[in-house]
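Numbers here are sequence positions counted from 1.
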Amino acid sequence: MKTNKKLLSLATAALVASAAHAGPKLTWNDGDSSMEIFQMVQVWGMNTIDDNSNVAEDSSDLYIRRGRIGVKGKVNADTKYKVWFAYDNLGKGNNNILMGTPHDDTNANKDFYIWDAYFEHSFNKEYANVAFGYFRPQVGKESITSGFTINAYEKGLSNFYYRKHIVGRGPGREVGINLGGLTLDKKLNYNFGIFNPNHTAITGADDAASDGDVVAKATNESSWMYTARVAYSFGDEEMKKFKLGYTTNYFGKRNGTTVGLNYTYQGETDKFNHNISRSVDVLSNYGNFNFSGELDSLVRDGGEAKVSTFRAGYNIPLSGGKVIEPAAMYTKADVTDLDTDHFTTAKEYGNGTAGNQTIKSVGLNYYAKGMKEKYSIHIAEFDKTVDGEGVNKVLTFGAQFIF
């Protein structure tokens, strides 16, 4: 009898959700447990409008930049969870110089992988929220801000270089534990974590020959990474309740500035003696004006990479709750000061588009339903002349849906 009631409850919930044209939210009989299905997708197009580089050709492309599908919900009143998968850069061409790995013959649209998988328990909602599992270390504002909530054509270089530096993976996720809180009238937000980046990109594992076979030998050195972020809001608070996600546009509902300080430290591995990141960030929202900025210092032994990102936009309200936002971004990476004992070239320091570079972009965002339905068109200039690769100008356009 209980089983039949449970099935009926699930079916009813699914029908109600379907009638509302939203992802189904299932609620169990205990009244506390729930599960909601959600999806997010960005469809992008690009066209080279000025190619002065020696590595890329004039090209056009249409592809899925980001795709997400997953479930989230509650175990009980104090414990929630999120598990979602990613399918990125589907159909991305080799001559497409925007961020992300092209899907060519050796990488033919086959990547479907875990994006986040974590639980979050609130021992005290103001002081002690503990997250554990596979997720982003809560440091580096650009890294912990979703690509679905920014107002530029793409995330800044602070995202890509920072993630590769601290965890060695482009998605920036690692297994760990984070303690966070939101206190002092929701003005002070803090996060302290411990993570274990232990794959070869960080550990520098040796290759040992055994009967003609190459065997990966993991490091015996400590590789725990300790993280800390403290942010304070002046004026309106940045968030109403503690959470692990951030946004950049409050559509005129916030008048405040948040300043954050970030730090990570990882001890000795076979690849380095120490791995450190320091950064400061700011988010300002005053009426329809939105500004965000970040300065990063990425230190590995005797080498340092300096990365910066700045974005600004202004909302122009239209009828029916729709908004147009002119927006611009400037982001730069300087990786010339490296320790060559650990990096043979500057490009080893970052992601596939690494090295010294500057990106400038300007364009328009059209929000039909806030971030849930967004259309954009931007012009981006990629300047990598320091590394001898030249300048590209690209027209980008995209559509975003969250449901």
Determine whether the aromatic ring centres of Tyr367 and Phe251 lie less than 6.0 Å apart. yes
Evaluate the side-chain proximity of Ile69 to Trp84: yes if any heavy-atom separation is below 4.5 Å, no if none is. no
Asn262 versus Asp281, side-chain donor and acceptor atoms under 3.5 Å: yes
Do the side chains of Lys155 and Phe160 get nearer than 4.5 Å, heavy atoms only? yes
Pairing donors with acceptors under 3.5 angstrom, does anything connect the side chains of Tyr286 and Thr257? yes
Parallel, tilted or perpendicular: rings of Tyr265 and His274 (30°, 60°): parallel
Working to the nearest 0.5 Å, report the span between CG of Leu298 and NE2 of His165. 5.0 Å
Can you see whether Ser277 engages Tyr162 through a side-chain donor-acceptor pair at a distance of less than 3.5 angstrom? yes
With rounding to the nearest 0.5 Å, note down the distance linking CD1 in Ile194 to OG1 in Thr227. 9.0 Å
Salt-bridge present (Asp383, Lys360; N to O < 4.0 Å): no
State, with a plain yes or no, whether a side-chain heavy atom of Met329 is found less than 4.5 Å away from one of Leu157. no
Can you confirm whether the side chains of Thr309 and Glu142 place a donor and an acceptor under 3.5 Å from each other? no
Looking at Arg173 and Asp116, is any side-chain nitrogen of the basic one under 4.0 Å from a carboxylate oxygen of the acidic one? yes
Report yes or no: do Gln357 and Tyr161 form a side-chain donor-acceptor pair below 3.5 Å? yes
Any Ile316 side-chain heavy atom under 4.5 Å of Pro326 side chain: yes
Are any non-hydrogen side-chain atoms of Tyr246 and Leu283 less than 4.5 angstrom apart? no
Are Ser361 and Glu381 packed together at the side-chain level, in the sense that at least one heavy-atom pair is separated by less than 4.5 angstrom? no
State, with a plain yes or no, whether a side-chain heavy atom of Ile377 is found less than 4.5 Å away from one of Tyr366. no
Between Gln138 and Asn191, a side-chain donor and acceptor under 3.5 Å: no
Do Glu304 and Ser297 have side-chain N/O donor and acceptor atoms under 3.5 Å apart? yes
Taking atom types as modelled, is there a side-chain donor on Asp296 or Ser158 under 3.5 Å from an acceptor on the other? yes
Aromatic ring pairing Tyr63/Trp44, orientation class (parallel under 30°, perpendicular over 60°, tilted between): perpendicular
Over all heavy atoms of both residues, which pair between His378 and Asn151 is shortest? Give the atoms and the distance, please. CE1-O, 3.8 Å
Testing the 3.5 Å rule here: is there a donor-acceptor pair between the side chains of Asn315 and Asn249? yes
To the nearest 0.5 Å, how far apart are OG1 in Thr264 and CZ in Arg278? 9.5 Å
Does the ring centre of Tyr263 sit less than 6.0 Å away from the ring centre of Phe192? no
Quiz item: cation-pi between Lys72 and Phe38, 6.0 Å / 45°: yes
Without swapping roles, check the side chain of Asp185 against the backbone of Lys187 for a donor-acceptor pair under 3.5 Å. no
Taking all heavy atoms of Arg136 and all of Leu244, pick out the closest pair and write down the distance. NH2-O, 3.7 Å
I'd like to check Val259 versus Phe234 (side-chain heavy atoms, cut-off strictly below 4.5 Å). Are they in contact? yes
Only residue of Phe123, Phe119, Tyr118 satisfying ring-ring contact (aromatic ring centres under 6.0 Å, His included) with His121 is Phe123
Asp78 and Ser122: side-chain donor and acceptor closer than 3.5 Å? no
Under 4.0 Å between a side-chain nitrogen and a carboxylate oxygen: does that hold for Lys243 and Glu238? no
Is Glu154 salt-bridged to Arg66, going by a charged N under 4.0 Å from an acidic O? yes
Any luck finding a side-chain donor-acceptor pair between Asp32 and Asn76 under 3.5 Å? no
On a heavy-atom basis, which atom in Asp236 and which in Lys253 lie closest, and how many Å separate them? OD2-O, 4.2 Å
